[in-house]
Q: 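Shown below is the structure under consideration.
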Amino acid sequence: MAGSQTALPGSAMAGILRDAALYALVTFGLCVPIIAYRTDPGPGTELVLVPRWGLVAALCAAIFVARIVQRLVLLRRDARRALTPAPRQATEAVHAEPDAGQKTSKPALWLFIFVALTLPMISALATGGLSSARYWIDLGILILTYVMLGWGLNIVVGLAGLLDLGYVAFYAVGAYSYALLSTTFGLSFWICLPLAGLFAGLWGMILGFPVLRLRGDYLAIVTLAFGEIIRLVLINWTDVTGGGAGISSIPRATFFGIPFTAGDDGFAATFGIPYDSMHRLVFLYYLILALALITNFVTLRLRRLPIGRAWEALREDEIACRSLGIDTTATKLTAFALGAAFGGFAGSFFAVRQGFISPESFNFLESAIILAIVVLGGMGSQVGVAIAAVAMVGGPEMLRNLGFLKAVFGEGFDPSEYRLLLFGLAMVAMMVWRPRGLISERMPSVSLGQRRAVSGAHVSEGHG
């Protein structure tokens with residue numbers, strides 16, 4: 001009986017093959033304009049098209065087989081669920097103490113902090129010195145910047161449930177605030193940092209007022225338009241922002257007034273250590289680490305306060321939130337303002353690190369990456385956002401040199417050309433198998449009374 005129940009009918013197998021063939025056909029259509037031909041320099045100024053139909057056939061075959069395996073696995077899972085009786089609706093006692101969904105992820109958070117604190121030391125020991133470790137420290141700074149941006153956007157999207165596609169606008173406001181204040185009025189970084197956050201928070205409130213009655217797709221369209229408006233203003237307001245040329249010669253950050261120079265008043269001479277130009281980079285690394293941890297600490301504390309619980313109530317059901325007497329206007333504005341303020345802090349750091357900013361650094365792709373980090377990590381999960389930022393930013397860098405793939409596709413295969421394609425396929429697979437994110441924790445900050453356990457047939461995690 002068991003064998004007859006698990007046997008796959010011929011019609012089902014035929015449907016799986018047709019579906020896999022359709023996937024392979026779509027892959028072939030996408031590969032023809034992108035992968036089928038490669039342009040190599042020819043004699044003189046000509047370009048020679050080199051066909052790569054073997055690579056196209058290999059990719060189509062791989063997609064065909066992968067789709068068959070996926071369908072078989074899903075059919076087996078559905079059959080197992082159909083044979084297993086659904087559990088009854090049960091209840092379990094929940095302690096009325098602040099949890100914020102972080103108890104299970106505390107070890108991961110402490111591991112992340114330990115690795116972040118020791119990254120410059122580990123990279124210097126592994127590469128033979130600070131100068132050799134410059135690439136890894138730069139990569140760490142970039143990852144931590146996106147971690148901070150992800151945690152800032154997590155307030156708006158993950159906690160309050162407000163879809164924001166223009167978050168890069170606040171990032172740009174913070175960067176240009178520091179650049180203009182430092183170059184025009186000569187203010188230091190430590191004075192401009194809180195001002196940049198305040199200006200970005202103000203713009204967050206300005207965005208919040210027009211979208212108080214919007215939700216879903218309409219909210220996404222308005223926030224996307226806001227981000228594009230800010231970018232176009234930066235391009236066309238040439239008298240203030242410099243237009244497309246941007247702002248250069250932005251003053252560097254100092255160690256509370258001590259510059260990182262080789263002079264007698266520099267950082268090395270003040271502390272009696274040999275001068276190294278990497279001191280400034282290590283300082284910037286720990287600066288963005290401190291800013292990111294402050295963002296995480298403030299977010300976790302706010303979640304346990306009434307305003308944090310109001311955000312979560314707004315996320316779950318706005319009508320029920322209104323019926324409880326919660327001021328949804330103030331709730332939305334505070335979410336937009338605080339998320340924007342953290343984006344402004346990150347923008348001011350970006351400006352001081354680069355020393356040059358232009359509108360091209362704040363396009364829609366940046367907003368899409370930050371939103372993808374929040375969704376991929378799990379909306380509302382601080383640790384999940386940090387892991388997703390490491391994967392989203394560090395993953396493509398790790399895929400630059402995939403030497404073992406040359407043994408599969410031939411010596412002419414360049415892994416750097418396909419790193420984004422491979423990373424995109426990994427993200428699609430991730431969203432298929434874990435649609436609610438890496439850490440799909442959506443428990444309220446404070447739970448009272450009884451919590452119901454929902455059948456695994458309804459949600460893959462097994463709990464509502």
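All heavy atoms count here, side chains included; hydrogens, waters and symmetry mates do not.
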Q: Can you find a heavy atom in the side chain of Asp138 that is under 4.5 Å from one in the side chain of Arg353?
A: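 Touching, per the 4.5 Å side-chain cut-off.
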Q: Taking the six-membered ring for Trp and the single ring otherwise, decide whether the centroids of Phe170 and Phe226 are under 6.0 Å apart.
A: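 Judged by ring-centre distance (under 6.0 Å), Phe170 and Phe226 do meet the cut-off.
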Q: Any idea how Phe255 and Phe267 line up, ring-wise: parallel (<30°), tilted (30 to 60°), or perpendicular (>60°)?
A: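 Perpendicular: the ring planes of Phe255 and Phe267 meet at over 60°.
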Q: Got more than 12 heavy atoms from elsewhere within 6.0 Å of CZ, Phe283?
A: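 Yes - once you tally the heavy atoms of other residues, nucleotides and ligands closer than 6.0 Å, there are more than 12.
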Q: State whether Arg309 and Glu312 are salt-bridged, where the test is any N-O pair (Lys NZ or Arg NE/NH1/NH2 against Asp/Glu carboxylate O) under 4.0 Å.
A: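 Here Arg309 does not pair with Glu312 in a salt bridge, since their nearest N and O are not under 4.0 Å apart.
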Q: Nearest 0.5 angstrom please: Thr295 OG1 to Gln382 CD, how far?
A: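 Result: 9.0 Å between the selected atoms.
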Q: Check step by step if ring-ring contact (aromatic ring centres under 6.0 Å, His included) holds for Tyr178 and Phe189.
A: CA-CA 7 Å; Tyr178 169 70; Phe189 171 75; 5.6 Å; yes
Q: Below 6.0 angstrom between ring centroids: does that apply to Phe256 and Trp190?
A: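 When the ring centroids of Phe256 and Trp190 are compared, they turn out to be within the sub-6.0 Å range.
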Q: Evaluate whether atom CZ of Phe185 has more than 12 neighbouring non-hydrogen atoms of other residues, nucleotides or ligands under 6.0 angstrom away.
A: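 Incorrect, the count does not exceed 12.
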Q: Determine, stepwise, if the pair Phe362 / Phe350 fulfils ring-ring contact (aromatic ring centres under 6.0 Å, His included).
A: CA-CA 11 Å; Phe362 309 103; Phe350 174 79; 5.8 Å; yes
Q: With side chain to side chain contact (heavy atoms under 4.5 Å, CB included) as the test, pick out the partner of Ile387 among Val385, Val383, Val390.
A: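 Looking at Val385, Val383, Val390, the match for Ile387 under the side chain to side chain contact (heavy atoms under 4.5 Å, CB included) is Val383.
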Q: Would you say the ring centroid of Trp53 lies under 6.0 angstrom from that of Tyr37?
A: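 Centroid distance Trp53-Tyr37: below 6.0 Å, so yes.
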Q: Output the distance between atom CZ (Phe345) and atom CZ (Phe349), rounded to the nearest 0.5 Å.
A: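 The CZ atom of Phe345 sits 14.0 Å away from the CZ atom of Phe349.
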Q: Any chance CZ of Arg77 has more than 12 other-residue heavy atoms, nucleotides or ligands included, within less than 6.0 Å?
A: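 Atom CZ in Arg77 is crowded, with more than 12 foreign heavy atoms closer than 6.0 Å.
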Q: For Arg71, does the CZ atom sit with more than 12 other heavy atoms under 6.0 Å from it, leaving out its own atoms?
A: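 For Arg71, atom CZ is crowded (more than 12 foreign heavy atoms under 6.0 Å).
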Q: Please tell me if the side chains of Ser177 and Leu195 come closer than 4.5 Å, counting only heavy atoms from C-beta onward.
A: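 Contact flag for Ser177/Leu195 side chains = no.
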Q: When you measure from the centre of the six-membered ring of Tyr23, is the NZ or CZ of Arg67 closer than 6.0 Å and no more than 45° off the axis?
A: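 The answer is yes, since Arg67 meets both limits relative to Tyr23.
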Q: A side-chain contact here means heavy atoms from C-beta on lying under 4.5 Å apart; do Leu165 and Ser367 qualify?
A: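 Of all side-chain heavy-atom pairs linking Ser367 with Leu165, none is under 4.5 Å.
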Q: Around atom OH of Tyr275, are there more than 12 heavy atoms of other residues, nucleotides or ligands at under 6.0 Å?
A: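 Correct, the count exceeds 12.
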